[in-house]
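Just so we're on the same page: letters track the sequence lines, and every chain starts at 1.
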2 protein chains.
Amino acid sequence: MTDEPLAFLPPRHDHDACIADALDRAERLCADRGERLTELRRRVLELVWSGHAPQGAYDILDALGQTRGRVAPPTVYRALDFLQAQGLIHRIESLNAFIGCPAPERRHSGHFFICRRCRTAAELDARAIDRAIDREAGRLGFVIEQRTVELLGLCAPCREAEATAAPGPTGRA
Amino acid sequence: MTDEPLAFLPPRHDHDACIADALDRAERLCADRGERLTELRRRVLELVWSGHAPQGAYDILDALGQTRGRVAPPTVYRALDFLQAQGLIHRIESLNAFIGCPAPERRHSGHFFICRRCRTAAELDARAIDRAIDREAGRLGFVIEQRTVELLGLCAPCREAEATAAPGPTGRA
DNA sequence: ATCAAGAATGTTATTTTATAACATGCTGCC
DNA sequence: GGCAGCATGTTATAAAATAACATTCTTGAT
Ligand SMILES: [Zn+2]
Ligand SMILES: [Zn+2]
Ligand SMILES: [Zn+2]
Ligand SMILES: [Zn+2]
């Protein structure tokens, strides 16, 4: 198993390898499950993986439109629904957008750290967060069916970049 | 200070008291801050507090339309923006809806447990969850600016109700 | 090969959610 | 009273998602 790190990747990595790996694993995963990763679904998955930033449905729709002739929203949404059902992508609720899952083999809901500056999103597998949530749910007698944990802010490189650009606390206008 | 419990309330409680309390505190809080809780904003807050279920912007718009003549979306969205800026309401990203905050005096982002059956949402102040998230953020060097923690599922009463209605695992079709 | 059933995609229209841009009105200060 | 700033009204549009129905593709049975 490839075991992608589930964290922020260096900004200049071999992203073609990310895409190829994601598509390969999707193929295998769907084959194993007897699901059909059609040309369209595969292409939509590829577009979701075009970067490590969440992609809006209409971004994907536009990109699809480049290669295929005019595409209508349901085409994209149905593909996204399928990919989500298979755990190949996650929906980022606070952005109305979708991002590829680096670990689709095991069903889970991720914890997303999303940089508002470079728009990179990192999916973490932080058991401690889920445990803390589960403990509260237990106290309430609440049965969790769907988790949404999304943290927006600044990643380390972008924090430094902003610190450099903006005047520090000692700086005077 | 009233110290509302920040959890699921009994289904049949004195909700008029909830509303009155929320409005009173909002008045005081805005007065203290030199902000203007206008008639419109007050009314929108009241409508958000019409229950313990998150309300959509257009639900509120429709309700407003009952008393005042035709109201346009910006009217409602602007009021919601203000209330959110003052911490009087929270936005539930996964539902595109808004809910009153039971503890607006201290700025925070809540943890929401939302029942898909009765639509009741409970805001918890679970430090342990934030700590677990903070620890991961620290490891990443990520600076969190906005938190979204929303758990959808079944509250205890609704879980029992569904268990009764549906056939158990021993039941045969 | 033919057919039928179900799955996937195409197509058209509409709904739901949210914002842009500009006009008008209110409030407090001088 | 006039003005500055904030709040609201108004019109139009953008952005995100879905409903409903038509067509095509796949697969397996005959
Ligand atoms: Zn990559
Ligand atoms: Zn960044
Ligand atoms: Zn109440
Ligand atoms: Zn419930």
Side-chain angles (χ1 to χ4, degrees), chain A residues 26-27 30-31 33-48 53-86 88-99 119 146 148 150, chain B residues 26-27 30-31 33-48 53-86 88-99 119 146 148 150:
Chain A
E27 291 282 10
C30 286
R33 293 179 186 166
E35 298 284 350
R36 298 174 50 194
L37 186 63
T38 62
E39 224 358 75
L40 174 67
R41 290 166 174 174
R42 192 187 146 89
R43 177 84 182 112
V44 169
L45 180 58
E46 189 179 6
L47 289 169
V48 171
Q55 300 289 306
Y58 281 74
D59 296 337
I60 291 163
L61 193 151
D62 291 346
L64 259 188
Q66 304 297 322
T67 45
R68 311 170 163 243
R70 260 287 161 271
V71 181
T75 300
V76 169
Y77 279 102
R78 281 189 292 229
L80 290 171
D81 285 348
F82 170 84
L83 296 171
Q84 228 184 323
Q86 297 305 318
L88 293 165
I89 64 175
H90 296 286
R91 180 182 161 80
I92 305 295
E93 298 290 347
S94 55
L95 297 178
N96 293 337
F98 300 85
I99 191 163
R119 323 234 1 122
Q146 185 192 312
T148 302
E150 301 170 8
Chain B
E27 292 281 10
C30 287
R33 293 180 185 166
E35 298 284 351
R36 300 174 50 195
L37 185 63
T38 62
E39 228 352 80
L40 175 67
R41 291 166 174 174
R42 193 187 145 87
R43 177 81 182 113
V44 168
L45 179 58
E46 188 180 8
L47 287 169
V48 171
Q55 299 289 306
Y58 281 75
D59 296 337
I60 291 162
L61 194 150
D62 291 346
L64 259 188
Q66 303 297 320
T67 45
R68 311 169 163 243
R70 259 288 159 268
V71 180
T75 299
V76 169
Y77 279 102
R78 281 189 294 228
L80 291 171
D81 285 348
F82 171 84
L83 296 171
Q84 227 185 325
Q86 296 307 319
L88 293 165
I89 64 175
H90 295 286
R91 181 181 160 82
I92 305 295
E93 298 290 347
S94 57
L95 298 178
N96 294 337
F98 300 84
I99 190 162
R119 323 236 1 121
Q146 185 191 313
T148 303
E150 301 171 6

> Does Tyr58(A) make a side-chain donor-acceptor contact with the base of dA16(D), cut-off 3.5 Å?
Replying inline: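 Flag set: donor-acceptor pair detected.
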
> Below 3.5 Å, does any donor atom in the side chain of Arg78(A) face an acceptor in the base of dG10(C), or the other way round?
Replying inline: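 Answer yes: a donor N or O sits under 3.5 Å from an acceptor.
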
Expressed as a whole number of angstroms, how long is the span from [X]:[atom1] to [N]:[atom2]?
X: Asp59(A); N: dA14(D); atom1: CG; atom2: P; answer: 17 Å
X: Phe82(B); N: dA7(D); atom1: CZ; atom2: P; answer: 7 Å
X: Ile92(A); N: dA16(D); atom1: CD1; atom2: P; answer: 15 Å
X: Leu37(A); N: dA8(C); atom1: CG; atom2: C1'; answer: 13 Å
X: Glu39(B); N: dG25(C); atom1: CD; atom2: P; answer: 20 Å
X: Leu80(B); N: dT19(C); atom1: CG; atom2: C1'; answer: 13 Å
X: Leu64(A); N: dG10(C); atom1: CG; atom2: C1'; answer: 13 Å
X: Asp62(A); N: dA15(D); atom1: CG; atom2: P; answer: 10 Å

[X] side-chain N/O to [Y] backbone N/O, donor-acceptor pair under 3.5 Å:
X: Arg33(A); Y: Gln86(A); value: yes
X: Asp81(B); Y: Arg78(B); value: no
X: Glu93(B); Y: Arg91(B); value: no

>> Does any part of the side chain of Val44(B), heavy atoms only, come nearer than 4.5 Å to the side chain of Phe82(B), both counted from C-beta?
In response: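 When only atoms from C-beta onward are counted, Val44(B) and Phe82(B) do not touch, as no gap falls below 4.5 Å.
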
Can you tell me if the side-chain N/O atoms of [X] get under 4.0 Å from OP1 or OP2 in [N]?
X: Arg91(B); N: dA18(C); result: yes
X: Arg36(A); N: dA7(C); result: no
X: Thr75(A); N: dG10(C); result: yes

> Quick one: which of dT11(D), dA8(C), dA17(D) gets closest to the side chain of Arg41(A)?
Replying inline: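 The listed nucleotide nearest to Arg41(A)'s side chain is dA8(C).
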
>> With nearest nucleotide decided by heavy atoms, which residue, Thr38(B) or Ala72(B), maps closer to the 5′ end of DNA chain D?
In response: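 By nearest-heavy-atom nucleotide position, the 5'-most residue is Thr38(B).
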
> Could you go step by step and tell me if Ser94(A) and Glu150(A) meet the side-chain hydrogen bond (donor to acceptor under 3.5 Å, both in side chains) rule?
Replying inline: CA-CA 7 Å; Ser94(A) 55; Glu150(A) 301 170 8; 2.5 Å; yes

>> Heavy-atom nearest nucleotide on DNA chain C for Asn96(A) versus Pro74(A): which residue maps closer to 5'?
In response: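 Comparing both residues, the 5'-ward one is Pro74(A).
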
> Has Tyr77(A) got its ring stacked on the base of dT18(D), with centres under 5.5 Å and planes less than 30° apart?
Replying inline: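 The ring of Tyr77(A) is not stacked on dT18(D).
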
